[in-house]
There are 2 protein chains.
Amino acid sequence: MLNNYNEKDKVLLAVDCIIFGFDNDRLKILLIKRDFEPEKGKWSLIGGFLKQEENLDDAASRVLKHLTGLDDVYLEQFYTFSEIDRDPQERTISVSYYALINIEDHNNELNEQFSAQWFSIDKAPKLIFDHDQMVKHAIRRLRYRASTKPIGFELLPEKFTMKQLQNLYESILDTKLDKRNFISKINSLDVLIRLDEKDMESSRKGSYLHKFDKEKYDQKVSEGFTFKI
Amino acid sequence: MLNNYNEKDKVLLAVDCIIFGFDNDRLKILLIKRDFEPEKGKWSLIGGFLKQEENLDDAASRVLKHLTGLDDVYLEQFYTFSEIDRDPQERTISVSYYALINIEDHNNELNEQFSAQWFSIDKAPKLIFDHDQMVKHAIRRLRYRASTKPIGFELLPEKFTMKQLQNLYESILDTKLDKRNFISKINSLDVLIRLDEKDMESSRKGSYLHKFDKEKYDQKVSEGFTFKI
DNA sequence: TTTGAAAAGTGTGAAATAGACACTTATAAA
DNA sequence: TTTATAAGTGTCTATTTCACACTTTTCAAA
């Protein structure tokens, strides 16, 4: 029946998070080594169960805060996984989110008790359950989103060089980009502020630092602008 | 805790379907008038609850089959809605799908008992719960998907005219397209077969009927082709 | 039988965007 | 002062997108 609320059909709803980070070279994901059953000792995504008093976004934020200590993290729900035996111990449905965090600024907040570790996408270990599938799906969504919304900046420090930004996009899109074409594309979007400050780490000449100009971006969006890389 | 399977956190998981159809003029959605509580007499999407022995895709197919009698319908999951009070009677989480069906070929299969009715997107009545939000979300996803995958054909009869195809895209994308540019774009994709047959309904001259060439499309995809409108 | 009405069918040129490509500059360290 | 290293910068070509209007076919009405 379509209209019956049936107690016996209730299920456990998990929330699993793919946490993306960027170390100025490769796109990474944060994984934990489970010290609890099932699949103790194996690598997995972080997750938790939805509680009665919260919605899914809140559950994802809570799970993330628990592991990383971070509030105000970019989170996007992308798919709900429901194969009957995806968790062999008990039927659970998993709503998956991905998060974007800035490794550089926040690496220290990681909660030690989870033995969490960053892995390059292509060097990550095999994960439990259907978590590998979730990661694949998350990358697809991230690729799409990052090329149509300015979410890449979530993965960078507040001040960044053009080279960092280019490395980030190359890493997300898994492709090489031409430096001059990339820079003129970015400049034509006209949503960065070039600071007077230079980063002197990576070269003798030094390279200008930039900030994303959120106010300008919002203003332009309200005038019909769409971000596209 | 992250690892506790806790009976009291179990929830009801609903599946709701936005059913899109196309009547050669406007994009439509199929709604039902509820003859059961809660919200009896109001318009809503069709839906049902996930059962223990099925995954979400199967649940969506089942719900759809129950209403329309159709198997093998294009279905895509797009978002999971979880606001605590979205259903005031009992906490339910809803995983939403949209379906594409060909009104012309299948209007008769509709299960009478649901008093289902087709509505133009812009003339649909207010729906119960968060169903209006679901419809908005579904349209966004449909727009994106239809411009990157050849799913539009699911909404058309097997044989269709270029005019119908153009009307369909105009309706999905909610925009006017230039006839010549549209046709040359479609022709450049090279995935339609023009039949010798003409449709004589819409004009004295008659207009050629076309079919989507699925084999050719699949072949081209395997060679790196991507569909883009 | 001729004429008119209505939609189908068809191509070109201009503008904008994407993509390939290489040399100069600034600076710190040797 | 020399050298090594990454930063910074512009032009030309190819491709794609967009704007735009007349001819053809056929049925129905005069």
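All values reported here derive from a predicted model rather than from experimental measurement. Letters go in sequence order (proteins before strands), and every chain restarts at 1.
B:L110 places a side-chain heavy atom less than 4.5 Å from the side chain of B:W118.
In this structure, the CG atom of B:L177 is 13 Å from the C1' atom of D:dT17, given to the nearest Å. The CD1-P distance, from A:I183 to C:dA18, rounds to 17 Å in whole Å. In this structure, B:K176 atom NZ and D:dC20 atom P are separated by 17 Å, rounded to whole Å. The distance from atom CZ of B:F182 to atom C1' of D:dT16 is 17 Å, rounded to the nearest whole Å. Rounded to an integer number of Å, the gap from CG of B:D25 to P of C:dA7 is 13 Å. One interatomic measurement links the two molecules: CD1 of A:I186 to P of D:dT9, which rounds to 15 Å at whole-angstrom precision. Rounded to an integer number of Å, the gap from NZ of A:K198 to C1' of C:dA26 is 7 Å. The CG-C1' distance, from A:L165 to D:dG8, rounds to 16 Å in whole Å.
No cation-pi contact links B:K149 to B:F227, judged by a cut-off of 6.0 Å to the six-membered ring centre and 45° from its axis. The cationic group of A:R141 does not satisfy the cation-pi geometry with A:F78, failing either the under 6.0 Å distance to the six-membered ring centre or the 45° limit from the ring axis. Stacking of B:R34 on the aromatic ring of B:F129 is recorded, both the 6.0 Å distance cut-off and the 45° axial limit being met.
Taking every side-chain heavy atom of B:Y208 into account, C:dG9 is the closest of C:dA22, C:dA28, C:dG9. Distances were taken from every side-chain heavy atom of B:K185 (C-beta onward) to each of D:dA21, D:dT17, C:dA7; the shortest belongs to D:dT17. Residue A:R204 has its side chain nearest to D:dA4 when only D:dA4, C:dA7, C:dT10 are considered.
Checking the phosphate oxygens (OP1, OP2) of C:dA8, a side-chain nitrogen or oxygen of B:S202 falls inside 4.0 Å.
Comparing B:N181 and A:K205 by the nucleotide of DNA chain C whose heavy atom lies nearest to each, the residue mapping closer to the 5' end is B:N181. Between B:K163 and B:D178, the one whose closest nucleotide on DNA chain C sits nearer the 5' end is B:K163.
Ring geometry, B:F114 versus B:H66: the interplanar angle exceeds 60°, so the pair is classed perpendicular (tilted spans 30 to 60°).
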